[in-house]
Structures are given as C-alpha cells and as structure tokens.
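Each chain gets a letter, A, B and so on, in the order its sequence line appears, and its residues count up from 1.
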2 protein chains.
Amino acid sequence: MRARHVRHSSSSRQPFAIKIAPHRALHTMPSMSTVTIKDVARVARVNPATVSKALRGLPGKVSQETRERIEQVARELGYRHNAVAATLRTRRSDLIGVIVPDLGNPLFGPLVQGLERQLREGGWMSVVVQPPEDPSSRRAVITTLAARQVAGLIISSAESDDPMLGAAAEMGIPLVLVNRGLNERRFSCVVNDDRESVMLVLDHLRALGHTRIAHLAGPMSSSTGRGRRQAFEALMSKIPGAQGTVVDASAFTREAGFAAMQSLLARRRARRATAVFAANDLIAVGALDALRQAGLRVPEDISVVGHNDMPLVDMIAPPLTTVRIPLARMSDHAAALLREHLADPSLPPTQRVLTPTLVVRASTAPPLE
Amino acid sequence: MRARHVRHSSSSRQPFAIKIAPHRALHTMPSMSTVTIKDVARVARVNPATVSKALRGLPGKVSQETRERIEQVARELGYRHNAVAATLRTRRSDLIGVIVPDLGNPLFGPLVQGLERQLREGGWMSVVVQPPEDPSSRRAVITTLAARQVAGLIISSAESDDPMLGAAAEMGIPLVLVNRGLNERRFSCVVNDDRESVMLVLDHLRALGHTRIAHLAGPMSSSTGRGRRQAFEALMSKIPGAQGTVVDASAFTREAGFAAMQSLLARRRARRATAVFAANDLIAVGALDALRQAGLRVPEDISVVGHNDMPLVDMIAPPLTTVRIPLARMSDHAAALLREHLADPSLPPTQRVLTPTLVVRASTAPPLE
DNA sequence: TTGTATGCGTTATCAC
DNA sequence: GTGATAACGCATACAA
C-alpha cells in the first residue's frame, strides 16, 4: 500500500463532544485515542465505506461535497490512517526489507542511503537489517520480514549459499540483489562490471611499466571477490611477460588486507610484485598499513590500487588510486528493478551491469628499477 | 510484538492433501498459499485459539502433547506467522522508526549499525528513514511511521524546531534522541559531553603552546554545533592571554569546512590562529583541503583538530588528531533507553551524557614561532 | 454516488 | 487445558 495523503491539522484534536465507543474512550489516553473511519463516518453521517473511499482520494467514487465534509471531520477528530489494518485487508504492504551486511563499512552507508531514498520517493519504507552470521539466524531474518508482510527485498552482498536466498525464494518474496550477484541467474541483480574494473587497473599499471602485479583477493564466497580474482587471472595470463600473484585476504576488511600484504611481503624481494591491486579499498588501506610498518614507500617502492572509491580515500596518505563504482546509480537501478518485479511478478530475473571508472591518484607510479 | 519462534522446516510444504478454504486455494500460487492458524487448527483437530497459544509457547496454557502435535502440523502445512494481523489485534508492533539525516555521512553508518543491532537483538525491527528537508515532508515521515504503528522512534541529529518532534509528541510516540539533544528537556536523549570534548582539545593545544586558536563551528541549529561553540567561547575566555576566533561553517560537510577555512585564511597572517578546532571531522577534512590548496603545511604551519574520529581519519594526510565519541555506547544507550520508555510510558525524559576521549595523531604540533 | 456486508489472520476473554 | 467467539481497522464486491 502506498503513502497516504490524509491531511489533518495537528492543532485541533477532538474539539467537539464526539461519541467514541466508550470502552475505548475509557482505556486510552486522550492523545492516544484511536479514531477510526467508523468514528468519522458516524460524525459525518455517512458510511464507513464512503469514508474509506473519500480519504484515499479514489477518483470518481465520491462526490466533491461529501469528500470535503469527510476530510473536514477526519481532520477535526484527528483521524489517523492505520496502515496495518489496511495491509491485513489488502495483503499489500509498503515495507521493503533492505539487507546489508554491515553498516559500519563505509561502502554500505552510501548504498543504503541511495536505496532508502529511492524507495521512499516511490512510496515505500525500508526495514533495514544486518543479518547475523549463523545460517539459522539468517533464515530467521527472512521469516521475520515475511511475517511483517514485506512486499520485497533488496539484498546487498549476498553469498551464493546464503540461507536467506533460499528462504526468500520459498516464500515467494520478490528479490533484487545489489552489489554482489550470483553465479546462477536465479535472481535479478545490479552489479559492477568487475572484469572492466580489472581491465582498467591492469591497463593503468601496465602503462606505468609494471609487469609483476599482485592481487589481494577478497573472499571467494562473494561474487565480487571471485569475479575480480578470475578476471585478474584471466587478463594477466594474456599479457606477455607479465607475472601475476594472488594472495587471499580472508575478508573485505582493513585487518585482512594488513595480513594479506604481510604474507606478500614475506616473499623474496627480487620476485616480489611492484604493484598491488586490492579487491577493495579497505583491503588496500590495510595493505598500506602493512607497507608503512615494513618501512616501504608508496608509490615509490610499490604501487597500490584499491576498489570502490570509498569516502575519504582521496585524503589518505597517499591518496589512493582506485576504481569507482557507480553506487548511486546502483541503488537507483536496484530500487527500480524491484519495483518492476513488484508490478509484474512474472518478470524473469534480470541482470544490470554497471560500468566502473578508474580514479588515478598518488598511490601508483612507475616501478623504480 | 516480539520475535516469534515458530519453527518449521522449509523442505516439507503441504505434503498431505489438506482442506484449505477453496476460494484461497484457487486464487493463490502454491508457494504463496496462506496457511492460517485456522488451517492448522482444523488439521490438528483443535481450536484456533489453542494453536495461537501453542505456537507462542505461552507457558502452562497448553499441554505438552497437543503443543507438539500443533507444532508438527504447523510445520507440515508450512504455516507462517502473520505479524500484521497480530499487530492489528494487539496494537503492539515490533517496528521502531530510526531517523537519520544522511547515511552517506560516515558518522551515521556506524550509528545506525549499532542501533539496528541492539534493536534487533531485543526483538525489534528498524524502519530507517532519511527525512527530506522541507517541514511538511518531515511531519509526513512521522505520520507514515505512525500509520505503520511503530512502537517508538530514535531520532538522530534533531534540530530544536524540527516538525518531526512535535508530530511525534502529538501522537504520543515514545522517542529517544541520539547524537544531538535539545535545549529543553522534553525528550530523552543520549549525547556526547561537548564541553568535555572542547576541554580535551583546548588542553591539548595549550600544552603544545598554542594561544591563538580558531573554531570552525557547525550550524547553530544543532545542539552539537551550538554546544561546542559555546564551550569553546566559554573556555577560551578563561584562558589568560588566549585569543579565540570563531568561523561559522554552514554545515557539517567537507565543502563547508573548505569554505570556512578559506575565510579564515583571508585574514591577516600575523594575527591568524596557529591551531584550528573543527566542529567535526568532515569540516576538518575540508579545512585540510583548503590548507593544502593554500600551500600551508599541517601541522608545521597550522594544527588541525577534528571531532568524532570517523572511520579512516587515522589514514588521511596527516592522520587527524580528533575527539572520539563513543558511538557504539551511544547506540546501545539509545536503544536501551527507548526500551525503558516502551516498558514504562510514564518514564520521564532522561539525559545520558557520554564522555569522549582525545585521540592525538599527527595533525597537531607546537606552533612554529 | 452511497450503503451493506463480509473477511483479512490473529489474540483475548470468556466459558467449559 | 481447551473451545467458542468477538473484536482489531480497513477495503472491497456488490446491491441499492
């Protein structure tokens, strides 16, 4: 159910003596009093059904005159629409579940910002959940959301075997994935073109003269971690004389990036990469931590590239060369796609792949030797 | 209404031939079929009321034996709780409105992260809204939330004359402010001790030898902007020989910080401040932008202090000295306080003031001269 | 254009 | 311990 436009002044609440069903009048505070369409109907001397029609502004259903009278009465009585009752009746709610792994991650703040804004402007409200790790809790998240009759779900950063996906599918809840997709095409999704990302990065590093390049890969359970790694390996293998290395970071975190870089630094210097491409900015920042601790200079001794162009990475030392993903367009597309699914449940799963851009800053330079 | 614990396997849905009200069976997809408490009751040969009691696990109301049978049947039929119907009946919902100005701001991601987590663990779901600027929309946000029967609200960064506050009060919705409070004590709130913040900063700068100190103040319409400025003026006036300056930043943004710093730099150098205390980190980062553009070095030429200790400010150049506010404890307290208000609506407004700490990094140093 | 009647799925209050 | 029944507030098909 969409946003209502029941207008009523705040100042005048029950200015007249009105007959409200006594048992309610007794049990509730005046400010909490529940005025229903029945109450409005009684005072306006019309039928509750008419009030319902009038207040929703259905065109051509109720005369201008009675509509105005009803609106007037509703305002005077301080009538407030009860969307819960309406949802029960219509089986339609204006709630969308927005699922995001971690709002502390600077990537997801802006993402949810865009999603919430788009959804709200379309008349929907966002129920935001950060699911716990354990599988049964994740299932329970969907169950709870379903109990609330959410009309649809937007899930960011899903992993392939996430119990939430199966649960949502079983319950038939329309669903759009954002940021990460899946191997299979079961669900609609809006994702970055990771192959293009890697291409941009490798072209840039090769142009600078790098041939030994390392990739600090994100978790393989995520499409972004997997996709960037696969693209890295595929593209590096095509470059004559290039030598690629992959080190796994255990998570998309600064700490994991630190550890991954340390393990890279433990290798023999002669063969070591002169440039590092991190699967995301947090990993890159962790890598910078490790490099600083090891006494290495960036970009003189080693170049570092991130991914995502998170807020503030232009301010770190050195300003990070990174791949910018179109977050705002991503949320717009995801919200729009979900709306299409809600409007037409038979719509088949759709992919939308957005093109990233490279942002060159000061963390990359030609190799020294 | 709190989280339910209706457990049912996902694999077995309607394994038997079951009589479902035919009009529903015809109109709905199998996977969408709505199994109600009545259906369960019919199959389990008990009364719907008994099913309700059994499934909610009310102690001592239904025998162990029938409870197990009912749970079994519910599982087999694929029964799913309808929280909307329950809310309509009980007038209690497990929805909390979480209102935050801007999820793109790195301060609010972590804040909402904490709030959502706390609320979820208490059995509540968070409806997150970023209200538009115009007053009537802000009222409408509360109206819509109220129509959804939210049990309570958490509002971060409220301004004194915000229409949302009046609306919430009129509708009698329990409310806790977080991050910013108000002058008056109408609402419960959880805030930082801004006077302590300023004290920490000024003690630090004085210890370094600074006497000419500028404050890049945030908007006076916010309690944090106002509070920090007032504390700054009050404390500076007590320091013998100190010379304080205040420049207003028009917003808590990087751009506003840039502009404010520029206007400060336009002043005569001899009298210029040797240290700058920004009302928040974003303003500080904007100030750094302006200083770099002006060719001034930080901290050699001028020291800069921020406020909040946002993510990544330890990585910027130079790593920012700033005041850390206990964001996690703030959200914990806010969620806890709201729960107290929900449990006891007669609870008077309560203030909780949390103590910040200073994080000294590389953006501050003794003045040159 | 307006009114009548009914049900959405659940819980609470009784009675048994 | 279990059953019968009446709300909760609203929207909708249909009749008038």
task: Measure the distance from CZ on B/Arg92 to C1' on C/dT11 and round it to the nearest whole Å.
output: 9 Å

- prompt: When the distance from CG of A/Asn82 to P of C/dG9 is rounded to whole Å, what number comes out?
  reply: 17 Å

Distances for protein N/O vs nucleotides 2-4 of chain C N/O pairs under 3.5 angstrom?
residue: C/dT2; atom: OP1; partner: A/Ser63; partner atom: OG; Å: 3.3
residue: C/dT2; atom: OP2; partner: A/Ser63; partner atom: N; Å: 2.8
residue: C/dT2; atom: OP2; partner: A/Ser63; partner atom: OG; Å: 3.3
residue: C/dT2; atom: OP2; partner: A/Thr66; partner atom: OG1; Å: 2.9
residue: C/dG3; atom: OP2; partner: A/Asn47; partner atom: N; Å: 2.7
residue: C/dG3; atom: OP2; partner: A/Thr50; partner atom: OG1; Å: 2.9
residue: C/dG3; atom: O6; partner: A/Lys53; partner atom: NZ; Å: 3.2
residue: C/dT4; atom: OP2; partner: A/Asn47; partner atom: ND2; Å: 3.1

Spacing of A/Leu88 atom CG relative to C/dT10 atom C1', expressed in whole Å: 8 Å

- request: Check the pair A/Ile155 / A/Leu175 against side-chain contact (heavy atoms from CB on, under 4.5 Å), numbers first and verdict last.
  value: CA-CA 7 Å; A/Ile155 300 185; A/Leu175 168 61; 3.4 Å; yes

- request: Check for a donor-acceptor pair, side chain of A/Arg69 on one end and backbone N or O of A/Ala44 on the other, with a separation under 3.5 Å.
  value: yes

- request: Take A/Arg148 and B/Arg148 through the test side-chain contact (heavy atoms from CB on, under 4.5 Å) and record every step on the way to the result.
  value: CA-CA 11 Å; A/Arg148 272 277 151 224; B/Arg148 272 278 152 222; over 6 Å; no

query: Which nucleotide sits closest to the side chain of A/Arg89: C/dT11, C/dT6, C/dG9?
result: C/dT6

message: Taking side-chain contact (heavy atoms from CB on, under 4.5 Å) as the definition, give me every residue that meets it alongside A/Arg185, ordered by chain and number, with sequence neighbours left out.
response: A/Gln351

- request: Give the rounded distance in Å between these two atoms: CZ of B/Arg80 and P of C/dT10.
  value: 11 Å

A/Arg91 CZ - D/dC10 P separation (whole Å): 19 Å

query: Are B/Arg56 and B/His81 close enough that some pair of their side-chain heavy atoms sits under 4.5 Å apart?
result: no

- request: Taking atom CZ of A/Arg138 as the centre, report whether more than 12 heavy atoms of other residues, nucleotides or ligands fall under 6.0 Å from it.
  value: yes

task: For B/Arg56 and C/dG9, give me the distance from atom CZ to atom P, rounded to whole Å.
output: 17 Å

- prompt: Below 4.5 Å, heavy atoms only, C-beta onward: do A/Leu88 and B/Thr87 meet side chain to side chain?
  reply: no

field: A/Arg67 atom CZ, over 12 foreign heavy atoms within 6.0 Å
entry: yes

Separation of atom NE2 in A/His81 from atom P in D/dC10, rounded to whole Å: 7 Å

message: Please report the end-to-end axis angle for the helix from C/dT1-D/dA16 to C/dC16-D/dG1, five pairs per end, rounded to 10 degrees.
response: 30°

- prompt: Can you check whether A/Ser52 has a side-chain N or O nearer than 4.0 Å to OP1 or OP2 of D/dC10?
  reply: no

field: Side-chain heavy atoms of B/Val128 within contact of B/Leu103, under 4.5 Å
entry: yes

